[in-house]
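We're numbering straight along the sequence, starting at 1. As a basis for the values below, the full set of heavy atoms in this structure was taken, side chains included, without hydrogen atoms, waters or symmetry mates.
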Amino acid sequence: PSCALPRGHIAEMAPTRSRGAVRSGPSGGRVAGLSAIVSAAASATFLTVAFTSWSTGPQSRRHRIAAAASGGPDSSGRVAERPFFDLMIVGAVRAIESAEMRRVGMQSEAPSEANGGWSGEPKEWAESMSLTQQISTVSQIGPFASLKQFIAETLAGDYDRQAIGELIDRKIASNKVMMFSFSACPFCLRAKKILTDEYGVAMEVYECDLEPEGKAVRAELGRRTGRTSMPSTWLGADVLLGGCNDGGLGGVAKLQEQGKLESLLDERGARGGGSPWDWLMQSLGGNQAAVAGKKRALRAIAAKAPKNGVDVDDDLKAQIEAAATALEENCRGQPARMPLTGTWDLLYCTAPGGSNGKVGPFVGDVQQVFLDDTRFKNEVQVGPLKVSLEANREVLDDTRIRVKFEKLAVSLFGTEVFRKDLDGSGVWKQRFVDDDLRVMDTPSIFVLTRRKAEA
């Protein structure tokens with residue numbers, strides 16, 4: 001497309017990645033790598049010097065290499081001056097790419113119950129405030145952005161720009177939503193999950209690290225949009241949604257947080273729904289579309305709060321309560337009697353103290369793990385520290401359960417270091433329960449989501 005596009009900062013990916021061998025378990029990539037950052041800094045320093053030297057003078061890289069290969073002048077009439085240096089830089093870029101692919105393979109996670117079925121680099125890297133995000137943001141400024149484009153073009157080599165441009169145009173034109181992606185990229189994976197899981201979008205995904213023309217596609221997208229990082233998500237030829245957290249109109253996750261993504265998708269008819277099955281369900285009273293919309297609204301508003309709702313302001317707290325109340329109206333009958341299994345992650349709560357995952361100055365991950373029909377554990381994980389509260393639940397009526405707390409256990413680096421018996425109880429009201437979202441009052445409000453691999 002020839003239209004002007006917003007070019008905001010990008011924060012998605014390093015150079016082309018390969019799926020590689022993956023290491024099982026959720027901790028495979030959590031060392032985000034001080035080593036990876038140091039390596040990237042050293043590589044960037046070398047390439048910056050090389051790029052500056054490479055790009056000085058009137059001769060282009062292709063002209064110099066062509067002239068070096070033929071031993072004659074380039075199209076400008078000048079004789080190639082540094083063919084050996086040119087080839088050395090190409091070799092260095094490819095060596096860095098090879099090292100990067102090995103790093104991705106080592107730090108990628110295999111899908112498991114513990115990580116919610118995630119397959120790729122750690123999901124934490126895709127968060128808007130992650131260190132990876134901040135580094136990537138810096139990489140899109142000034143000469144660093146030019147350096148990334150230089151790397152992309154070096155890896156792509158000589159390619160037919162017209163043919164690759166037509167391929168990109170064809171993909172975008174034939175899909176309501178088109179995503180150019182890297183298969184193991186956490187930003188790409190997060191954007192895919194938002195579009196497919198939250199909005200039912202049926203889109204085509206072109207994995208640049210797996211397709212034969214992928215490197216050229218990445219380089220050409222960089223020329224068009226000013227972004228070589230992935231994902232590059234399009235809503236037709238004239239709307240670039242962007243990456244995950246920024247780029248284009250703001251990025252898929254950012255647009256969702258701002259409450260803008262749904263309307264953008266609806267304007268182009270890109271969301272799931274509207275099928276004969278949906279119509280039948282509404283005719284029978286199921287009103288699935290209304291429930292799905294209210295669930296999305298609650299998730300989107302809760303996502304604006306600080307992690308786990310810690311120190312949320314009163315205005316946002318009121319908005320979340322209003323969204324929960326609206327969803328409660330569509331709750332199935334007897335929510336307290338619905339069977340619960342698997343692992344549920346805390347999205348938001350107003351509870352003080354350890355229930356919200358706050359341990360000293362840190363805020364950890366909170367999850368609820370159901371062991372059987374009556375037993376469950378509430379767990380808070382802060383780095384190597386895990387605090388586990390074991391409990392039993394008893395159904396009192398259609399909306400209330402009694403919870404009896406039995407044991408408190410503390411583990412450090414996977415080894416239990418403290419255990420204590422408890423004798424406490426409370427009554428929890430179940431306001432909304434379905435296969436992947438729960439809202440309850442303890443009396444503090446809790447919003448929990450079931451891990452997708454289990455839902």
task: Give every residue pair that meets the salt bridge (Lys or Arg N to Asp or Glu O under 4.0 Å) criterion with at least one member in residues 408-422, sequence neighbours excluded.
output: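 Every pair satisfying salt bridge (Lys or Arg N to Asp or Glu O under 4.0 Å) with a residue in residues 408-422: Glu390-Arg419, Lys407-Asp421, Glu416-Arg419.
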Please identify each residue that fulfils salt bridge (Lys or Arg N to Asp or Glu O under 4.0 Å) with [X], with sequence neighbours left out.
X      : answer
Asp373 : none
Asp315 : none
Glu328 : Lys429, Arg431

How close do [X] and [Y] get, heavy atom to heavy atom, and via which atoms?
X      : Y      : value
Val395 : Ile401 : CA-CG2, 4.1 Å
Trp344 : Asp434 : CH2-O, 3.6 Å
Ala184 : Leu189 : O-CD1, 4.0 Å
Tyr348 : Ile445 : CE2-CG2, 3.8 Å
Asn356 : Ala351 : ND2-O, 3.0 Å
Leu155 : Lys215 : O-CD, 3.6 Å

With rounding to the nearest 0.5 Å, note down the distance linking [atom1] in [X] to [atom2] in [Y].
X      : Y      : atom1 : atom2 : result
Leu264 : Gln258 : CG    : CD    : 10.0 Å
Arg227 : Met230 : CZ    : CE    : 7.0 Å
Thr415 : Lys386 : OG1   : NZ    : 11.5 Å
Leu347 : Arg299 : CG    : CZ    : 7.5 Å
Arg393 : Phe376 : CZ    : CZ    : 7.5 Å

Any side-chain to backbone donor/acceptor pair from [X] onto [Y]? Under 3.5 Å, distance only.
X      : Y      : answer
Lys148 : Phe150 : no
Asp209 : Phe182 : no
Glu267 : Gly269 : no
Asn308 : Val366 : no
Asn330 : Val291 : no
Ser263 : Lys260 : yes
Glu207 : Ser183 : yes
Ser388 : Glu379 : no

Hydrogens and angles aside, do [X] and [Y] bring a side-chain donor and acceptor to less than 3.5 Å of each other?
X      : Y      : result
Arg402 : Asn392 : no
Thr228 : Gln149 : no
Ser181 : Lys192 : yes

- request: Just do the side-chain hydrogen bond (donor to acceptor under 3.5 Å, both in side chains) check on Arg218 and Ser229 with the steps written out, would you?
  value: CA-CA 8 Å; Arg218 179 192 182 202; Ser229 297; 5.5 Å; no
Tell me whether [X] is salt-bridged to [Y], with the criterion being a basic N under 4.0 Å from an acidic carboxylate O.
X      : Y      : result
Arg223 : Glu153 : yes
Lys295 : Asp436 : yes
Lys404 : Asp423 : no
Asp238 : Arg268 : yes

What residues, two or more places apart in sequence or in another chain, satisfy side chain to side chain donor-acceptor pair (under 3.5 Å) together with [X]?
X      : value
Lys176 : none
Gln368 : Asn378, Arg438
Gln256 : none
Ser232 : Trp234

According to side-chain contact (heavy atoms from CB on, under 4.5 Å), who are the partners of [X], at least two apart in sequence or on a separate chain?
X      : result
Thr442 : Trp428, Met440, Ser444, Phe446
Glu329 : Lys294
Gln334 : Arg337, Asp398
Glu204 : Lys171, Asn175, Met178

message: Taking the side chain as everything from C-beta on, heavy atoms only, tell me whether Leu265 gets closer than 4.5 Å to Leu235.
response: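 Heavy-atom side-chain distance check passes, below 4.5 Å.
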